Structure formats: C-alpha cells, structure tokens
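Everything quoted here is computed from the prediction, not taken from an experiment.
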Amino acid sequence: MSEHDPQLAAAADIRARIDTSKPHSARFWNYFVGGKDHYEVDRETGDHIKDIFPGLVDVARTSRQFLGRAVRHLAVEQGIRQFLDIGTGLPTADNTHEVAQRVAPDARIVYVDSDPLVLAHARALLTSTPEGRTAYLDADLYAPEEILKAAEGTLDLSRPVALMILNTLGHVADHDQARDVVNRLMAGLPSGSYLVISDSTSTSAGMIAASEAYNSSGAVPYYVRSVDEIAAFFDGLELAEPGVVQVTQWRPESDDTGGMTAVDAYGAVGRKP
C-alpha cells in the first residue's frame with residue numbers, strides 16, 4: 001500500500017490514539033481473564049490490585065461466564081437471533097458471536113465500542129458463520145440513538161434484540177445518566193427484546209478498595225454501584241429467574257463456577273414487555 005492509502009492512514013490514526021502510558025480498563029480486564037492484549041502498566045496495576053483484593057480476578061472470570069450463560073439462554077430458550085453488544089472490550093475466548101452462533105448459526109451480532117485499542121482488534125470479532133453476520137461500530141455509549149441507527153445496517157430493529165452491556169456502565173459516574181442511556185437504548189428496541197447487564201458492585205470492603213486503587217492509577221475511572229442501583233436498570237422490564245443476583249448464581253452450570261458463589265458482581269436478564 002502507498003503512504004497515501006486511506007486504510008494505512010486509518011490504522012496509523014488508531015495507533016496514535018492508543019495510550020500505553022496509563023492502565024486501561026479493557027487491557028486490565030484482558031489480563032485478568034487470561035488474554036494477551038495488555039502492557040506492563042496494565043499488569044503492574046493488575047498485580048497491585050490483586051494484592052489488595054484477589055477476588056477481582058474471580059469477578060472478571062465469572063462475569064465472562066455469565067455472558068456465555070445469558071447468551072445461550074436467550075438463543076436457545078428464547079429464540080433470540082440478534083445481539084447488540086455495547087462496551088465490547090478486547091476479544092478473548094467465547095465472545096458473544098461465538099457463543100450465539102455455536103447454538104444458533106443464523107444469529108447476527110453488532111459490537112459497539114469507542115476505544116481505539118478495541119477498534120484495532122475489531123477484525124477478530126468479525127468472523128461469522130455463513131448463515132449469520134457480525135459487525136463492529138466505532139460509536140459512543142452516550143449517543144444511543146446514533147448507535148441504534150447504525151446498528152440497523154445489520155440488525156432488524158422491528159424484531160427482538162438482546163442488548164448486552166457488561167462491565168461497562170461503571171464508567172458512567174452518574175447513575176441517573178447511566179439509567180438514561182440504558183432507557184434510550186431500550187426505547188429503540190421492540191417488545192420481546194432483552195436487556196443483559198452485569199457490573200462490579202460495592203458489596204465488600206475489598207471491592208471498594210480495589211475500585212479506589214484502580215481509579216487513582218490514572219485509568220478512566222470505574223465506579224462500583226450498589227445492588228439496588230444495578231436492579232434499577234431493569235425498571236419496567238420482566239426479570240428472568242432468578243432476578244438480579246451475583247453473576248455466579250444466575251443459572252449456574254456445574255462446569256464453570258468451580259463451586260464459587262460469592263463475588264462482587266451482579267447481573268440479570270430482563271425482557272421488554
């Protein structure tokens with residue numbers, strides 16, 4: 001490619017937007033779940049926080065397992081074939097499209113993130129079965145209507161969609177603003193659509209200390225919330241059993257929680273009437 005090639009220029013622009021001098025939430029989480037896309041600053045911060053609160057590694061791992069169980073439940077038991085995954089994070093094992101298309105090859109998935117590092121790895125998320133489809137949107141969480149409009153290039157918004165927002169809303173400092181974003185996204189989806197949320201919670205002194213340490217590291221802050229605040233995201237929706245619970249307790253499967261039940265992360269699945 002020539003030096004004036006637009007693809008080369010776009011790749012250079014993405015690289016220029018990636019800051020490796022400060023820890024980064026997607027890389028930090030990737031380190032905790034056993035991925036390879038992280039830098040020394042992320043590992044140093046991760047190791048420091050593990051010293052403060054080793055349970056955060058369990059939160060990362062079990063939250064990822066919750067994603068898999070929720071997607072399988074929706075695809076197999078509820079017949080959902082469309083997923084809008086906002087706050088994608090870095091590709092690891094069992095991404096949303098892999099879980100969904102494993103049980104429903106015709107599933108369509110749109111990933112949404114505004115982070116340049118995630119964008120740089122997005123092509124790893126764009127594999128798909130021949131029957132299905134995947135897409136990636138470089139879009140801002142705070143622009144729900146723009147996300148929905150862009151998603152229409154892949155999804156049929158007249159049919160039910162599962163909106164996935166996992167370990168992302170903690171980046172929105174104001175709870176009312178976070179609820180507004182969720183409500184505006186769900187307002188653009190039809191009856192029979194689902195909301196899936198999980199986030200770290202302020203349910204132990206260790207998690208609160210870990211959050212404070214992370215927020216003082218120079219990274220984009222992540223705010224842990226109460227269980228009631230997590231539950232408020234589902235106001236007006238019909239909660240699937242067992243409701244808003246620790247992620248390890250949401251329809252657990254014998255082979256993934258390792259007998260663990262207590263983690264500082266709560267999640268739920270709700271249906272739009």
Side-chain angles (χ1 to χ4, degrees), residues 22-35 38-70 87 89-90 92 115 141 164-179 181-182 195-235 239 242-253 256-270:
K22 297 177 181 177
H24 181 282
S25 61
R27 300 193 309 248
F28 173 85
W29 212 246
N30 183 263
Y31 175 51
F32 275 180
V33 299
H38 39 76
Y39 295 97
E40 184 63 28
V41 65
D42 307 300
R43 295 187 290 273
E44 288 177 353
T45 302
D47 290 341
H48 173 61
I49 291 176
K50 280 194 290 185
D51 288 341
I52 296 172
F53 182 54
L56 191 58
V57 177
D58 297 327
V59 167
R61 183 174 60 82
T62 58
S63 294
R64 192 71 181 179
Q65 292 165 347
F66 166 77
L67 178 153
R69 296 196 304 276
L90 288 165
T92 56
D115 189 281
L141 174 66
M164 317 279 297
I165 316 179
L166 278 69
N167 307 299
T168 296
L169 290 169
H171 287 301
V172 184
D174 183 79
H175 183 244
D176 288 338
Q177 184 178 20
R179 288 187 65 187
V181 167
V182 172
L195 174 65
V196 183
I197 287 175
S198 71
D199 259 309
S200 301
T201 49
S202 55
T203 41
S204 76
M207 176 56 89
I208 293 169
S211 175
E212 291 173 350
Y214 179 78
N215 291 347
S216 66
S217 70
V220 176
Y222 190 97
Y223 302 93
V224 291
R225 294 195 159 98
S226 69
V227 178
D228 285 345
E229 287 175 318
I230 300 296
F233 291 126
F234 294 90
D235 285 352
L239 283 173
V244 180
V245 295
Q246 291 175 328
V247 292
T248 49
Q249 297 178 12
W250 198 90
R251 299 174 181 250
E253 297 169 358
D256 63 8
T257 62
M260 184 187 312
T261 57
V263 292
D264 294 298
Y266 277 67
V269 175

Original post:
Which residues satisfy the side chain to side chain donor-acceptor pair (under 3.5 Å) test with S204, sequence neighbours excluded?
Top reply: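 Side chain to side chain donor-acceptor pair (under 3.5 Å) list for S204, sorted by chain: D264.
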Original post:
Listed by chain and number, what are the side chain to side chain donor-acceptor pair (under 3.5 Å) partners of S198, not counting sequence neighbours?
Top reply: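 Residues passing side chain to side chain donor-acceptor pair (under 3.5 Å) with S198: none at all.
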Minimal non-hydrogen separation, [X] against [Y], with atom names:
X    : Y    : value
S63  : A265 : OG-CB, 3.8 Å
T168 : L166 : OG1-O, 2.9 Å
T248 : P252 : O-CB, 3.3 Å
V196 : A70  : CG1-CB, 3.9 Å
M207 : T201 : CG-O, 3.1 Å

Whether the side chain of [X] engages the backbone of [Y] through a donor-acceptor N/O pair (distance < 3.5 Å, no angle test) should be reported.
X    : Y    : result
R251 : R69  : no
S211 : Y222 : yes
S216 : Y214 : no

Rounded to the nearest 0.5 Å, what separates atom [atom1] in [X] from atom [atom2] in [Y]?
X    : Y    : atom1 : atom2 : value
T62  : Q246 : OG1   : CD    : 9.0 Å
L169 : N167 : CG    : CG    : 9.5 Å
S200 : I230 : OG    : CD1   : 8.5 Å

Minimum side-chain heavy-atom gap [X]-[Y] below 4.5 Å:
X    : Y    : result
F233 : I165 : no
V182 : I197 : yes
H171 : L141 : no

**OP:** Kindly write out the residues that satisfy salt bridge (charged side-chain N to carboxylate O under 4.0 Å, His left out) with D235, not counting sequence neighbours, or none if the list is empty.
**Re:**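 In terms of salt bridge (charged side-chain N to carboxylate O under 4.0 Å, His left out), with neighbours along the sequence ignored, D235 is linked to R179.
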Subject >> salt bridge (Lys or Arg N to Asp or Glu O under 4.0 Å) contacts in which one or both residues fall within residues 203-230, not counting sequence neighbours >> reply: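 Counting only pairs at least two positions apart or across chains, no salt bridge (Lys or Arg N to Asp or Glu O under 4.0 Å) contact touches residues 203-230.
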**OP:** Just jot down the side-chain contact (heavy atoms from CB on, under 4.5 Å) partners of V245, sequence neighbours excluded, or say none.
**Re:**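 Listed in chain order: P242, Q249, W250.
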Subject >> By side-chain contact (heavy atoms from CB on, under 4.5 Å) - contacts of Y223 (at least two apart) >> reply: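 Expected list: A173, N215, P221.
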